[in-house]
Amino acid sequence: MTITRILLGALGIGFATYGVDLLLKMSTTDLKSVAMWFIGAILAENLIFGPAAALVGVLGHYVLPPRWWPAYTVGGFCSLALILVSFPLLGRENAVPGNDTILNRDYTVSLLIALAVVWAGVAAYLLSSARRSPAVAAGSRNALPRNGSGH
């Protein structure tokens with residue numbers, strides 16, 4: 001465990017060093033743009049994503065049965081993350097005339113497909129967990145290992 005942490009820490013320091021090196025090579029205009037995006041991401045997370053996630057979570061706990069809460073939480077979090085990431089692209093299809101490789105998709109449809117996949121996964125999980133009876137599910141958690149050792 002300690003070796004893994006040390007390796008991950010070293011990898012993180014290496015990536016951070018590489019990122020700082022790339023930033024130091026940028027022009028002032030590019031650095032201002034990076035700073036604006038960085039600040040904008042922090043503000044969006046704290047002013048939009050966090051409160052929206054809290055609101056969705058609270059509403060779900062009032063409306064849904066407790067058995068659904070974990071799946072709903074994962075689906076809601078994934079949905080909010082997808083919306084936040086795709087928000088700058090929505091409605092900007094083919095925004096760069098003369099360059100067909102930039103913003104060349106219908107990002108609204110792509111977002112809707114991604115959200116449908118997330119919620120289909122939530123529904124599949126709920127359906128598969130509903131098929132197990134509560135007694136079988138509880139028994140499988142409390143059963144002794146096959147070797148009978150109890151460990």
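We're numbering straight along the sequence, starting at 1.
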Taking Ile42's backbone N and O only, do any of them form a donor-acceptor pair with Asn46's side chain (distance below 3.5 Å, no angle check)? yes
So CG of Leu89 and CZ of Phe87: to nearest 0.5 Å the spacing works out to 10.5 Å
For the hydrophobic clusters of this structure (ILVMFWY residues joined by side-chain heavy atoms under 4.5 Å, transitively), does one cluster hold both Leu55 and Leu82? no
When rounded to the nearest 0.5 angstrom, what is the spacing between CG in Asp106 and CG in Leu90? 9.5 Å
Under 4.5 Å between side-chain heavy atoms, chaining through other members, with only Ile, Leu, Val, Met, Phe, Trp and Tyr counted: pull out the rest of the cluster around Trp37, sorted by chain and number. none
d(Cys78 SG, Ile83 CD1) to nearest 0.5 Å is 11.0 Å
Using the rule that two of Ile, Leu, Val, Met, Phe, Trp, Tyr join whenever any of their side-chain heavy atoms come within less than 4.5 Å, decide whether Leu64 and Leu59 are in one cluster. no
Do Lys32 and Thr28 make a side-chain contact, defined as non-hydrogen atoms from C-beta onward lying under 4.5 Å apart? yes
Do Tyr107 and Ile113 sit in one hydrophobic cluster, given that two such residues count as connected whenever their side-chain heavy atoms are within less than 4.5 Å of each other, even indirectly? no
Hydrophobic cluster membership, with links at side-chain heavy-atom distances under 4.5 Å among I/L/V/M/F/W/Y: are Leu8 and Ile3 in one? no
According to a 4.5 Å side-chain heavy-atom criterion applied to Ile, Leu, Val, Met, Phe, Trp and Tyr, with indirect links allowed, do Ile48 and Phe77 form part of one hydrophobic cluster? no
Side chain to side chain contact (heavy atoms under 4.5 Å, CB included) assessment of Val74 paired with Val122: CA-CA 8 Å; Val74 170; Val122 168; 5.6 Å; no
Before you tell me yes or no, could you show the steps for Leu84 and Leu80 under side chain to side chain contact (heavy atoms under 4.5 Å, CB included), namely the whole-Å CA-CA distance, both residues' side-chain angles and the distance that decides it to 0.1 Å? CA-CA 6 Å; Leu84 184 65; Leu80 287 171; over 6 Å; no
Tyr72 vs Val56, side chain to side chain contact (heavy atoms under 4.5 Å, CB included): CA-CA, chis, key distance, verdict: CA-CA 9 Å; Tyr72 171 77; Val56 167; 3.1 Å; yes
Would the number of heavy atoms belonging to other residues, nucleotides or ligands and lying under 6.0 Å from CH2 of Trp68 be above 12? no
Please assess Asp21 against Thr17 for the test side chain to side chain contact (heavy atoms under 4.5 Å, CB included), listing each intermediate value before the final yes or no. CA-CA 6 Å; Asp21 182 54; Thr17 303; 5.6 Å; no
